[in-house]
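Working notes for the structure below.
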Amino acid sequence: MANLFFYWSTHMASVSKRLYLSLYNWVIFIGWFQVLFFSLKTTFFESGHDKHVFNAVAKPLLLAQSAAVFEITDLSQSEVLQLGLVKSPISATVPQIGSRLYVVWGILWSFPEIQTHVLVNSLVISWSITEIIRYSFFGLKEAFGYTPSWLLWLRYSTFVLLYPVGISSEVGLIYIAVPCIKASGRYSLRMPNKMNFAFDYLVLAIIAFVLYVPGSPYLYKYMMGQRKRAISKPKVA
């Protein structure tokens with residue numbers, strides 16, 4: 001009887017976990033689908049509005065990207081990654097999520113002057129295509145235990161082009177934001193003050209910019225290795 005109860009409780013815990021992960025993936029998928037739809041609509045089908053992409057996608061973009069924080073916590077998408085074809089170490093997950101959150105909140109949301117730059121278009125389009133593929137891949141895997149071969153190929157191949165586009169856009173936007181950060185003094189804390197502590201947001205931006213130099217090749221090399229291992233498997237479990 002005890003063994004039966006243990007089996008039942010373990011089974012229910014597994015089912016609950018898969019339901020949660022499946023729901024998480026499809027909710028975020030919808031968010032990124034909205035980002036892609038509105039960005040393409042604004043860029044290509046609304047004459048004169050191509051500089052207003054950020055305004056068009058701000059809400060779903062901020063929500064979908066911020067939700068990625070769950071991926072580096074105990075109740076996270078990293079669990080999905082560990083259940084997938086290839087495990088994703090924290091050394092690959094945290095830098096990617098952290099840099100994106102910084103660009104979205106620390107650059108685009110914080111400095112409206114940057115929001116109309118053309119690099120915003122390439123950023124959100126490359127990000128959203130990547131995430132639509134990724135979350136649908138894991139959504140199907142959690143819901144049905146299976147992903148079609150064509151989606152597997154897209155999951156581990158489209159980054160070859162989209163990653164350089166996204167990274168270049170991120171770096172470009174940080175660089176373009178530097179004069180705005182310097183002129184505004186936003187988020188900086190000057191001495192003297194009651195806390196007797198100084199902080200220069202410009203220095204943080206420069207550090208973030210410099211970290212892309214070693215970080216980008218590392219992540220790209222990691223993803224190439226991940227692709228090799230994933231594509232070489234005979235089938236998706």
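Computed from heavy atoms alone, side chains included, the values below leave out hydrogens, waters and symmetry copies. Predicted model, so just to flag it, every value in this text is computed and none were measured. Sequential numbering from 1 along the given sequence is applied to the chain's residues.
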Discussion item. For a quick check under 3.5 Å, do Y212 and E170 share a side-chain donor-acceptor pair by atom type?
Written reply: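 Side-chain D/A pair, Y212 to E170: present.
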
Worksheet item: In Å and rounded to the nearest 0.5 Å, what is the CD1 to CG distance from I107 to L123?
Response: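 CG of L123 is found 11.5 Å from CD1 of I107.
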
Discussion item. Distance check, rounded to the nearest 0.5 Å: W105 atom CH2 versus R100 atom CZ?
Written reply: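 One gets 15.5 Å once the value is rounded to the nearest 0.5 Å.
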
Discussion item. Grouping I, L, V, M, F, W and Y whenever their side-chain heavy atoms are under 4.5 Å apart, do I207 and V178 come out in a common cluster?
Written reply: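 No, it is not one cluster - the side chains of I207 and V178 are not joined through contacts under 4.5 Å.
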
Taking the side chain as every heavy atom from C-beta outward, state whether [X] and [Y] have any atom pair closer than 4.5 Å.
X    : Y    : value
Y163 : S126 : no
L119 : I114 : no
V104 : W109 : no
L173 : L108 : yes
S39  : N121 : no
L189 : M195 : yes

Discussion item. Using only atom types and a distance under 3.5 Å, with no angle test, would you say the side chain of Y220 pairs donor to acceptor with the backbone of V160?
Written reply: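 Yes, Y220 side chain to V160 backbone: donor-acceptor pair under 3.5 Å.
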
Fill in: Under 3.5 Å donor-acceptor, N193 side chain and F197 backbone
yes

Fill in: Contacts of type side chain to side chain contact (heavy atoms under 4.5 Å, CB included), residue L204, not counting sequence neighbours
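Residues passing side chain to side chain contact (heavy atoms under 4.5 Å, CB included) with L204: Y102, F199, Y201.
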
Discussion item. Suppose we call two aromatic rings close when their centres sit under 6.0 Å apart. Are F138 and Y24 close by that rule?
Written reply: no

Discussion item. How about OH on Y175, more than 12 heavy atoms from neighbouring residues, nucleotides or ligands closer than 6.0 Å, or not?
Written reply: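 Incorrect, the count does not exceed 12.
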
Worksheet, complete the sentence: Residue pairs passing the salt bridge (Lys or Arg N to Asp or Glu O under 4.0 Å) test with at least one member in residues 174-194, sequence neighbours excluded, are R190-D200

